[in-house]
Amino acid sequence: MTDELSLSGRVAVVTGAGNGLGATEAAALAAAGARLVLNDLPGAALDGVAEKIRAAGGEAVVCPGDVAEWSTGQALVRQAVESFGGLDILVNNAGVLRDRMVFSMSEQEWDAVIRVHLRGHFVTTRFATAYWRERSKATGGPVYARIVNTSSEAFLLGSAGQPNYAAAKGGIVALTVATARGCGRYGVRANAICPRARTAMTGDLMGPAPQGPDPMAPERVAPLVTVLAGPAGARITGEVFVVHSDVVAVLGPPTVRATFHAADGQWSAAELDAALAPMFADYPPEPGFVCEETLPLAPGTFGETDS
């Protein structure tokens, strides 16, 4: 492994590491040389991931807990420092689904998803960046600091049956960009990925894996996380990636579709309606602020075959 990709000596916190993407990414980081602090709810699954990493020659400890709890964020940084002497990488994966149409969604279904995804990303980011800021001030310069957050194409597509999930994932992108802009001076590089992966959380939505290689395998996502977490990631910050199958796509920022200026310096409602009408002539209207360009990036993404 080249120096640009080696994580030898680096310390990484991975949330949602008990299974699925988190477990796969943790194994990949360990294989690249990172020492791991693994977080998920307490149980045999999390312990098993740590045991597998250690059996393969890696180093891993567990720090179980609810990732949205303030005390868990504190504990993760403390565990990294006490076990391995510091913290270099944060990979946020923890998540849940509570799918429902917006008109049927309960308060609890909304709160649970926003809490685990968005608040969970914030809590870990808050304590990791505070640690790196302190270290930067102590050393007088930027430190090695990487954040890889997990968003979703649900926020790009406005997933109709997942308004809570789509909102949380959109918030994670905003948090990522704000972190990249606000903490870059300390050495922090923060990026977000929108993975497609067949895991326990998504299995009911995506169905069973096809015969042969699975284009939705979590292992297809892990190389991008390793690159962003590594020395090569110093060049990349505030970016959003779609990753699955054989595809890694870098998203562009939202664009301005059209601009209208009032002739007399201030719009009346009638004048503004007349200006907007040609652009929005179709009825019924189609939601315009979506990004469907990511959908056809890879043929056979879900294991389907051409008829």
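Numbers for residues simply follow the sequence, beginning at 1.
Side chain of Ser106 to main chain of Glu109: a donor-acceptor pair is present (N/O by atom type, distance under 3.5 Å, no hydrogens or angles). Judged purely by atom type and a 3.5 angstrom limit, Arg189 has no side-chain atom pairing as donor or acceptor with the backbone of Arg146. Using a distance-only test at 3.5 Å, with no hydrogens or angles considered, a donor-acceptor pair links the side chain of Ser6 to the main chain of Ser8. Although no hydrogens or angles enter the test, the distance criterion places no donor-acceptor pair under 3.5 Å between the side chain of Ser151 and the main chain of Ala192. Without hydrogens or angle criteria, Asp88 side chain to Val11 main chain gives a donor-acceptor distance under 3.5 Å. In this structure, His121 contributes its side chain and Thr150 its backbone to a donor-acceptor pair below 3.5 Å. Of the possible donor and acceptor atoms, none in the side chain of Ser245 sits under 3.5 Å from a partner among the backbone N and O of Ala298. A distance-only check finds a donor-acceptor pair linking the side chain of Asn39 to the backbone of Gly65 [under 3.5 Å]. Checked by atom type and distance alone, the side chain of Asp264 never pairs as donor or acceptor with a backbone atom of Gln266 at under 3.5 Å. Between the side chain of Arg35 and the backbone N or O of Gly9 there is at least one donor-acceptor pair closer than 3.5 Å.
Between Ser152 atom OG and Tyr165 atom OH the span is 3.5 Å, to the nearest 0.5 Å. To the nearest 0.5 Å, the span separating OG on Ser71 from CZ on Arg78 amounts to 8.5 Å. Here the CG atom belonging to Leu38 is positioned 10.0 Å from the CD atom belonging to Gln79, to the nearest 0.5 angstrom. For the atom pair CD1 of Ile147 and SG of Cys183, the computed distance is 7.0 Å after rounding to the nearest 0.5 Å.
Each side chain to side chain donor-acceptor pair (under 3.5 Å) pair with one or both residues in residues 123-134, not counting sequence neighbours, appears once here: Asn92-Thr124, Arg133-Tyr186.
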Review point. Yes or no on side-chain contact (heavy atoms from CB on, under 4.5 Å) for Leu90 and Leu76, after CA distance, side-chain angles and deciding distance?
Key: CA-CA 10 Å; Leu90 169 63; Leu76 286 168; 5.9 Å; no
Practice item. Would you sort out whether His244 and Val242 count as a side-chain contact (heavy atoms from CB on, under 4.5 Å), showing the intermediate values? Key: CA-CA 7 Å; His244 57 88; Val242 171; 3.8 Å; yes
Exercise for review: With side-chain contact (heavy atoms from CB on, under 4.5 Å) as the test, would you mind laying out the steps for Ile114 and Arg119 before giving the verdict?
Suggested key: CA-CA 7 Å; Ile114 297 296; Arg119 178 180 165 90; 6.0 Å; no
Practice item. Under the side-chain contact (heavy atoms from CB on, under 4.5 Å) rule, what do Val248 and Leu224 come out as? Steps first, then yes or no, please. Key: CA-CA 8 Å; Val248 172; Leu224 176 60; 4.2 Å; yes
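Annotation for Phe289: atom CZ does not count as buried by contact number, only 12 or fewer foreign heavy atoms lying within 6.0 Å.
Considering Glu153, Gln162, His117 in turn, His117 is the only one that fulfils the side-chain hydrogen bond (donor to acceptor under 3.5 Å, both in side chains) rule with Lys169.
Side-chain atoms of Phe241 and Leu251, non-hydrogen and from C-beta on, never get closer than 4.5 Å to each other. For the pair Val14 and Asn93, the minimum side-chain heavy-atom distance is below 4.5 Å. Taking the side chain as every heavy atom from C-beta outward, Phe260 and Trp267 approach each other to under 4.5 Å. Side-chain contact between Pro163 and Met105 is present, with heavy atoms from C-beta onward closer than 4.5 Å. With a 4.5 Å cut-off on side-chain heavy atoms, Arg115 and Glu69 count as touching. Using a 4.5 Å heavy-atom threshold, the side chains of Thr176 and Val240 count as separate. Under the 4.5 Å side-chain criterion, counting only non-hydrogen atoms from C-beta, Val61 is in contact with Phe84. Put simply, the side chain of Leu228 reaches to within 4.5 Å of the side chain of Val148, judged on heavy atoms.
Taking each heavy atom of Ala112 and Val96 in turn, the nearest pair found is O-CG2, 3.9 Å. The shortest heavy-atom contact between Gly238 and Asn191 is N-OD1, 3.3 Å. Between Ile193 and Val225, the shortest heavy-atom contact is CD1-CG2, 3.8 Å. Here the shortest heavy-atom pairing between Gly18 and Asp40 reads N-OD2, 2.8 Å.
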Atom pairs and distances, donor-acceptor, side-chain atoms in residues 45-56, under 3.5 Å, two or more places apart:
| residue | atom | partner | partner atom | Å |
| --- | --- | --- | --- | --- |
| Arg54 | NH1 | Ala60 | O | 2.5 |

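Side-chain atoms of Glu271 and Ser268 form a donor-acceptor pair, as typed in the model, at a separation below 3.5 Å.
Scored by the side chain to side chain contact (heavy atoms under 4.5 Å, CB included) test, Thr139 finds Arg135, Val143 as partners (sequence neighbours excluded).
Val13 and Val67 fall into different hydrophobic clusters, defined by Ile, Leu, Val, Met, Phe, Trp and Tyr side-chain heavy atoms under 4.5 Å apart, directly or through other members.
Ring-plane geometry between Phe127 and Trp70 is classed as perpendicular, the angle between the planes exceeding 60 degrees on a 0 to 90 degree scale with a lower cut at 30.
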